Participant: 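There's a structure below that I have some questions on.
Bear in mind that the values here come from a model prediction, so they are computed numbers and not experimental data.
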Amino acid sequence: MSDVDTPPRKIRCKHCDGLFFRRHGAGRAPQYCSSKCRSAAHRARNIPPTAAPAENYDHEVEVIGQSVASRARMLAHASALPVPTLPLEPIRLYVALQRDLEDYIAIAVRQALARGAEWDEISALTATSTSLLKSRFSQPQVSKMRSRRRKRRPTRPRPSAAASASWHAGEAPVYVDAELPSWQWARDALARALSYLHRSSGLPVRTLGFRSGVSASYVYRVMAGERNPAWETVQGLARACDCDPGDLLDLWNAAQGFTANGSGTPPTYAQALARFQGAFRGLHLATARSPLETFTDALETASRTELRLIESLLGPTTATGAEQLSWPTVAALTKALRGDRERMRNLWQPLRSTAPDPVTPTIPAAAFG
């Protein structure tokens, strides 16, 4: 049968979805009914995807920028700490800062494109080829980065009913809305304290995780500051390292953004002392229990009695008489330990107000003859 005798074949156009007839059967079947439809389909395939609105990136750029600034401050603080006590701390913070910077540039590039910048302009600014930029910061690649960041980023638990505590008095932690917005320093200090306890214990991470009821990988992330652990997890890690969990309670409360005042119920003297001493012990752990001589310059105005009280405060026994510490000395010690002075003031004031009146020894009249 010749081509002339071949019946026409119905074909549906891929662009306009209309039917057309092909009279000759030889060769590959056409996909479009006309050159107009073929050109329109070609243009549609080559139109670049519409950039996401700039507001999709504005919040993330701000959040990651704040994280970069916070990491940089922590790195500066770690560089000022005694080198023998925390030799790996600057490296750990540098790695975290570098990762934040990589995330920041990815989001910043997409934001710039959404606001009308061209790949060539970004290429000239970053001294990177356009092809490499398009490959590294394409929409799918940045979406994957955002997903990975959401998975590893610590989440702030929402406060439930209750308030922050006195572990020594046998009370469970009670959650209260925070007055202090800067909780990142406490989260990093908690991670450093747990990391120091792990190093001091000599236990493998797998054993530490087993004893505290979490996986080894989770323990690693907690000690790197990438996870915000529950109080039960912190308790388990502290006990596994033979440490009093109460020494970490105020750091944990601060890391959640909770106030240092507890539920608002006036504490007893024993509770106020336990909270005050536990807060200082936690900060001391975060500096790898640096010797008191390290802070001599910061405590140059402290009296000999206050220095003995500070030694007792940071030691393993109850620091009875800690209420005798003056506020300038407490503030100087808090600053030396990289803590929050306003938070420590909220712990020092109840200690002073609940302290028992000093007992004045009485001398019998017979002693005077």
Side-chain angles (χ1 to χ4, degrees), residues 66-67 69-81 86 89 93 154 156-157 159 163-167 173-196 225 228-229 231 234 245-264 267 271-290 294-295 297-299 301-302 306 310 313-314 319 322-323 325-353:
Q66 291 174 352
S67 179
S70 176
R71 297 283 188 192
R73 286 193 298 270
M74 292 174 192
L75 184 60
H77 289 168
S79 301
L81 291 173
L86 295 169
E89 189 66 12
L93 289 171
R156 297 181 64 183
S164 85
S166 174
W167 164 259
V174 188
Y175 308 116
V176 178
D177 289 334
E179 296 175 353
L180 298 173
S182 56
W183 44 265
Q184 183 63 51
W185 70 268
R187 184 168 295 172
D188 188 74
L190 179 62
R192 285 189 279 115
L194 290 171
S195 179
Y196 169 74
N228 189 14
W231 172 239
V234 175
D247 293 348
L248 299 173
L249 182 56
D250 189 66
L251 278 181
W252 182 83
N253 279 322
Q256 315 315 308
F258 303 150
T259 63
N261 295 325
S263 59
Q271 291 174 336
L273 178 59
R275 295 175 183 178
F276 184 71
Q277 186 169 12
F280 269 117
R281 283 176 174 173
L283 292 175
H284 197 211
L285 285 173
T287 61
R289 285 182 174 151
S290 301
T294 307
F295 313 118
D297 293 340
L299 300 172
T301 60
E306 287 183 318
I310 290 173
L313 187 70
L314 302 179
E323 67 276 4
L325 291 170
S326 65
W327 171 244
T329 299
V330 172
L333 180 60
T334 304
K335 182 178 179 181
L337 293 172
R338 313 286 177 182
D340 186 329
R341 282 177 287 183
E342 187 60 32
R343 186 177 185 86
M344 198 59 70
R345 182 194 289 272
N346 292 335
L347 295 173
W348 174 77
Q349 288 175 336
L351 177 63
R352 298 274 286 192
S353 62

Participant: Could you list the residues that satisfy side-chain contact (heavy atoms from CB on, under 4.5 Å) with Ala331, not counting sequence neighbours?
Facilitator: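 Once residues adjacent in sequence are excluded, the partners of Ala331 under the side-chain contact (heavy atoms from CB on, under 4.5 Å) criterion are Trp327, Arg341.
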Participant: Hey, is the main chain of Val330 close enough, under 3.5 Å, to the side chain of Thr334 for a donor-acceptor pair?
Facilitator: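 Looks like yes, one N/O pair under 3.5 Å.
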Participant: Are Gln256 and Asn228 close enough that some pair of their side-chain heavy atoms sits under 4.5 Å apart?
Facilitator: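 When only atoms from C-beta onward are counted, Asn228 and Gln256 do touch, with a gap below 4.5 Å.
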Participant: Take Leu347 and Phe280 through the side chain to side chain contact (heavy atoms under 4.5 Å, CB included) test and state the conclusion after the steps.
Facilitator: CA-CA 10 Å; Leu347 295 173; Phe280 269 117; over 6 Å; no
Participant: Would you say that Pro245 contacts Trp231 through its side chain, given a criterion of any heavy-atom pair below 4.5 Å between the two side chains?
Facilitator: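 Pro245 vs Trp231: side chains touch.
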Participant: Measure the shortest side-chain to side-chain distance between Leu251 and Leu283 over non-hydrogen atoms and say whether it is less than 4.5 angstrom.
Facilitator: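 When only atoms from C-beta onward are counted, Leu283 and Leu251 do touch, with a gap below 4.5 Å.
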Participant: Is the shortest heavy-atom distance from the side chain of Leu333 to the side chain of Glu306 under 4.5 Å?
Facilitator: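 A side-chain contact is absent here, since even the closest heavy-atom pair is not under 4.5 Å.
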Participant: Is there a side-chain contact between Leu337 and His284 in this structure, where contact means two heavy atoms from C-beta onward sitting under 4.5 Å apart?
Facilitator: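 A side-chain contact exists here, since the closest heavy-atom pair is under 4.5 Å.
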Participant: Determine, stepwise, if the pair Arg338 / Asp188 fulfils side chain to side chain contact (heavy atoms under 4.5 Å, CB included).
Facilitator: CA-CA 11 Å; Arg338 313 286 177 182; Asp188 188 74; over 6 Å; no
Participant: Does the side chain of Phe295 come within less than 4.5 Å of Ile310's, by heavy atoms?
Facilitator: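 No, every pair of side-chain atoms sits at 4.5 Å or beyond.
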Participant: Kindly indicate whether the side chain of Arg281, heavy atoms from C-beta on, has any atom under 4.5 Å from the side chain of Leu285.
Facilitator: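 Side chain of Arg281 against side chain of Leu285, heavy atoms only: no contact under 4.5 Å found.
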Participant: As an exercise, state the distance from CZ of Arg275 to CG of Leu351, rounded to the nearest 0.5 Å.
Facilitator: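 Rounded to the nearest 0.5 Å, the CZ-CG separation comes to 11.5 Å.
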Participant: Drop me the distance from Thr329's OG1 to Trp348's CH2, to the nearest 0.5 angstrom.
Facilitator: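 Reported to 0.5 Å precision, the distance equals 10.0 Å.
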Participant: Looking only at heavy atoms, which two atoms of Ala255 and Ala186 are closest? And how far apart?
Facilitator: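 Of all heavy-atom pairs spanning Ala255 and Ala186, the closest is N-CB, 3.5 Å.
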Participant: When rounded to the nearest 0.5 angstrom, what distance separates CZ in Arg187 from CH2 in Trp252?
Facilitator: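 These two atoms lie 11.0 Å from each other.
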Participant: Could you tell me which non-hydrogen atom of Ala332 sits nearest to which non-hydrogen atom of Leu299, and how far apart they are?
Facilitator: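 Smallest heavy-atom distance, with atoms named: CB-CD2, 4.1 Å.
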Participant: Of the non-hydrogen atoms in Gly282 and Ala193, which two are nearest, and what is the gap between them?
Facilitator: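 Taking Gly282 first and Ala193 second, the nearest heavy atoms are O-CB, 4.3 Å.
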Participant: As an exercise, state the distance from CZ of Arg345 to CG of Asp340, rounded to the nearest 0.5 Å.
Facilitator: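 With rounding to 0.5 Å, CZ (Arg345) is 11.0 Å from CG (Asp340).
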Participant: If I take atom CG from residue Asn346 and atom CE from residue Met344, how far apart are they, to the nearest 0.5 angstrom?
Facilitator: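 The CG atom of Asn346 sits 10.0 Å away from the CE atom of Met344.
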Participant: Could you go through the side chain to side chain contact (heavy atoms under 4.5 Å, CB included) check for Thr294 and Thr287 one step at a time?
Facilitator: CA-CA 11 Å; Thr294 307; Thr287 61; over 6 Å; no
